[in-house]
Amino acid sequence: MKEHIEELLIQALLHLIREGILSAECDIVPQLERTRTPDHGEFASNIAMVLAKRAGKPPQELAQAIIDKLPHSRQLKHAKIAGPGFINFYMNQVALTTVVKDILYYGDSYGHLPADPEHEVTVEFVSANPTGPLHVGHGRGAAYGASLASILQAAGYVVQREYYVNDNGRQMDILAVSVWLRYLELCGEHLRFPENGYRGDYIYNIARVVRKEVGDKWRFKGADILDHLPPDEADGGNRETHIDALIERARKFLGNAGYPVFFETSVNSILTDIQKDLSDFGVKFDHWFSEKELEDSGAIEHAIARLEENGHLYKKDGATWFRASKLGDEKDRVVIRENGRTTYFASDIAYFLNKMERGFEKAVYIFGADHHGYMARLRAAATGLGEDPDRLEILLVQFAVLFRDGQKVAMSTRSGQFITLRELREEVGSDAARFFYVMRSHEQHLDFDLDLAKSRTNENPVYYIQYAHARICSVFRNLEQMDETHNPAIGEAALNLLTEPNEIKLLRALSRYPEIIESCARLRAPHQLAHYLQALATEFHAYYNSEQFLVDDENIRNVRLNLILAARIVLANGLALLGISAPESM
RNA sequence: GCGCCCGUAGCUCAGUAGGAUAGAGCACUAGAUUCCUAAUCUAGGGGUCACAGGUUCGAAUCCUGUCGGGCGCGCCA
């Protein structure tokens, strides 16, 4: 419907240009927006005000000239000037009811565009290190990323969902050592746990698994292990050097036979857990991208060589630096450390280059807000590689703070004092969690009210939307019990009978859906879909309360069933994009 | 100190490629059920869009500054 009006406007403008009333530079794509009140019709355009200066005419006069040249359309009732020079478009009833026909015809794909191979993007999100279970902070990134990926797909993009698995860094070594130490503890050795180690019960769980498989095979005396080790922070030393030394001890004692046992078991066990967790949350990935494989493939050397070729590297203090400060970053960054190992940042650069070489139009990154410092350096890297930095898009997701009984729930990551995503899901349910995470703009801090998310009352927007869907399903069940059937053909022939105010409002809401999808995709804003679904549910509930659907008149009955079936389809489509179920009864 | 995000109704938030009278939910008040699920609906009050300037036909939206809140500034990941 909107496109149709846009087309009429363009025709009118071209007409005026041809007649010489407007100059060629007035050939612009007109802005058309939904009106706030039905008094102003369905759509409004500010084109006359925008062009007034260039045309050398007062906006109102220009508006009238445009209206006079609008091609005839059976959908358009009339257009008229309003306010300072708006053109308001009033639609015929037939234009509004066509949407029902469209929805029943297209079904699941109503409002969605077919996949266009010209627009292939990768969306990378979560990418939490496999050093522990996902917590509620990751949850927001997961919910946002998954919803955004689905919406982009609905908007016609080919989307690759990727999780970058950091399975090769020093943190992995720390994890392996943490497990080994807990394992020794289970064997009966007494060692003090390093400050920098990973705490949390899951470490014990992994240690238990290892011990079950290998028994006391990798047990050594605690005193031997700690002999002449640099002191931990609490003893006046440094936590980093202490843990690094511990890693070396682990390698030495366990050797090539034992160390990988702890390392692999730890990573695999946690990764498997994360995958299960996300899957239960309705978050699916197309590609679990291993950093280890990236490194083994030589991609890091390849990327560093590219930076070298382009003259962006230099040596200082034994390390190799990337001259990021010349490319918009605040300082230069190390890519190869003094000890010869590449940095995490070097892997990031290689991964980005890999994405470009796989031919994606765009690489979308979803980061937690605490990673915003990465934006400048990644962009610098893109430029340094000779790639177009506009193909790199970084979206920041702000923090979520949990509230219970009106109180902030305190959390700190390292100490193991955090609420896991799994616990959240078990407490409030996956549907409510998914909705609450995306109901606010991703760039807004989120207050997550646990009590509200759990409540099965009218305060909870998730149930409000789902209830609308369930109610429609219920109407159709009642129809069956009455030994009647829905005849969509009769309904379609009777579309002109949809004239009640709440029917018109519902039709209007349904016709907005394609525009919402387009807008959500363009602005990377799934929360708009959440708000839309709430508004759509409101229109449906109002309709439900004001009119009877299962009436004797078969024309009215069938056309109303067509309408609410259309509403059910759009509700289900929208909820699916947000990863929320559409229950048939509640 | 420097950088990024934010400041809109009592609370939580929409609205930012500039548009008409700034919206919604919750909370509060008063109503609706011989009828398809009351997890629903109807009506009502409630605002210096943090503050001060600027840009223009028009600013919550763009620019500058001030105040307030969050986060980040490692050869960590």
Side-chain angles (χ1 to χ4, degrees), chain A residues 31 33 35-37 39-40 44-46 49-50 52-53 58-59 82-86 88 128-129 131 166 169-172 174 196 240 316-321 330-331 333-345 347-348 368-376 396 398-399 401 403 406 439-449 452 455-468 470-479 481-482 502 522-523 525 527-528 530-532 534-535 537-538 540-551 557 560-561 564 585-586:
Chain A
Q31 256 186 61
E33 55 185 38
T35 57
R36 263 210 308 264
T37 146
D39 295 346
H40 295 148
S45 176
N46 63 356
M49 289 181 285
V50 174
K53 199 169 273 181
F86 289 103
N88 289 342
N129 287 346
T131 54
N166 194 253
R170 173 168 164 268
Q171 296 302 319
M172 292 301 103
I174 296 177
N196 229 3
E240 305 290 348
K316 195 182 89 180
D317 303 333
T320 302
W321 296 69
E330 49 188 37
K331 55 181 80 163
R333 309 286 174 180
V334 171
V335 287
I336 305 175
R337 284 184 276 226
E338 197 180 357
N339 65 12
R341 290 194 73 170
T342 53
T343 58
Y344 184 88
F345 181 47
S347 300
D348 283 342
D370 54 335
H371 280 60
H372 71 245
Y374 268 72
M375 296 177 69
L396 296 179
Q398 298 294 323
F399 282 3
V401 180
F403 281 81
M439 69 195 271
R440 303 298 177 215
S441 161
H442 67 280
E443 50 196 21
Q444 193 77 232
H445 295 259
L446 175 70
D447 286 350
F448 194 122
D449 187 333
L452 179 59
S455 76
R456 315 220 153 214
T457 67
N458 57 356
E459 298 164 38
N460 193 327
V462 189
Y463 294 112
Y464 182 82
I465 298 166
Q466 290 183 319
Y467 183 45
R471 257 186 160 177
I472 297 170
C473 295
S474 172
V475 171
F476 281 91
R477 281 194 298 270
N478 284 313
L479 181 72
Q481 284 191 350
M482 293 163 62
N502 282 320
R522 181 167 43 85
L523 300 173
H527 72 278
Q528 291 192 347
H531 284 270
Y532 167 78
Q534 227 169 328
T538 296
F540 169 74
H541 285 310
Y543 182 34
Y544 183 96
N545 275 277
S546 68
E547 310 299 333
Q548 187 77 16
F549 309 144
L550 302 179
V551 292
R557 185 177 67 238
R560 288 185 174 170
L561 289 173
I564 65 171
S585 67
M586 289 173 73

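Here the structure is a predicted model, which means the values were calculated and not measured. Numbered from 1 within each chain, the chains take letters A, B, ... in sequence-line order. Only heavy atoms go into these numbers, but all of them, side chains included; no hydrogens, no water, no symmetry mates.
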Would you tell me if any nitrogen or oxygen in the side chain of A:Arg170 comes within less than 4.0 Å of OP1 or OP2 on B:C75?
-> no
Testing B:G70, B:C36, B:A39 for proximity to the side chain of A:Tyr463, the answer is B:A39
Return no unless some side-chain N or O of A:Arg36 is found under 4.0 Å from OP1 or OP2 of B:A20.
-> yes
Hey, what do you get for OH (A:Tyr464) to CG (A:Asn460), rounding to the nearest 0.5 Å?
-> 12.5 Å
B:C4, B:C5, B:C75: which one has an atom nearest the side-chain heavy atoms of A:Gln398?
-> B:C5
Residues A:Glu240, A:Arg170: salt bridge by 4.0 Å N-O rule | yes
Under 4.0 angstrom between A:Arg341 side-chain N/O and B:C76 OP1 or OP2 | no
Candidates B:A77, B:C35, B:G19 - which lies nearest the side chain of A:Met49 = B:G19
For B:A20 and B:A60, measure between their C1' atoms and round to the nearest Å.
-> 15 Å
Measure the distance from CZ on A:Arg522 to P on B:A17 and round it to the nearest whole Å.
-> 8 Å
Distance in Å, A:Leu396 CG paired with A:Tyr374 OH, rounded so as to fall on 0.5 Å steps = 13.5 Å
A:Tyr532 has an atom OH; how far is it from atom P of B:G15, in whole Å?
-> 17 Å
Ignoring hydrogens and angles, are the base of B:G72 and the side chain of A:Asp370 linked by a donor-acceptor pair under 3.5 Å?
-> no
Could you work out which one of B:C76, B:C36, B:U42 sits closest to the side chain of A:Arg337?
-> B:C76
Look at A:Tyr374 and B:G3 and indicate whether a side-chain polar atom (N or O) is within less than 4.0 Å of OP1 or OP2.
-> no
Checking only heavy atoms, does the side chain of A:Asn46 share a donor-acceptor pair with the base of B:A20 at less than 3.5 Å?
-> no
Could you state the CE-C1' distance from A:Met375 to B:C73, rounded to the nearest angstrom?
-> 15 Å
Nucleotide forming a Watson-Crick or wobble pair with B:A52, both distances under 3.5 Å = B:U64
Within 45° cone of A:Tyr544 ring axis and under 6.0 Å: A:Arg471 NZ or CZ | yes
Quick note, A:Asp317 side chain, CB onward, closest among B:A14, B:C35, B:C75 is B:C75
Please determine, for the side chain of A:Phe399, which listed nucleotide (B:G15, B:C71, B:C75) has the closest atom?
-> B:C71
Expressed in whole Å, how much space separates the C1' atoms belonging to B:G69 and B:G23?
-> 25 Å
B:G31 pairs with which nucleotide, Watson-Crick or G-U wobble, both distances below 3.5 Å?
-> B:C41
If you measure from the ring centre of A:His40 to the centre of the six-membered ring in the base of B:A20, is it under 5.5 Å, with the planes under 30° apart?
-> yes
Roughly how many Å is it from CD1 in A:Ile465 to C1' in B:C26, rounded to a whole number?
-> 15 Å
Does A:Thr131 offer a backbone N or O that forms a donor-acceptor pair with the side chain of A:Asn129 under 3.5 Å?
-> no
Do A:His372 and B:G3 share a donor-acceptor pair, side chain to base, under 3.5 Å?
-> yes
Taking every heavy atom of A:Ala470 against every heavy atom of A:Arg477, the minimum-distance pair comes out as O-NH2, 4.3 Å
Taking only N and O in the side chain of A:Lys331, is any of them less than 4.0 Å away from OP1 or OP2 of B:G74?
-> yes
For B:C26, the Watson-Crick or wobble partner whose two distances fall under 3.5 Å = B:G10
Proximal nucleotide (of B:C75, B:C73, B:A14) relative to the A:Gln444 side chain = B:A14
Rounding to a whole Å, what distance do you find between A:Asn339:CG and B:C75:P?
-> 13 Å
Which value, in whole Å, describes the distance between the P atoms of nucleotides B:G54 and B:A59?
-> 12 Å
Against the side chain of A:Glu443, the closest entry in B:C41, B:C76, B:C5 is B:C5
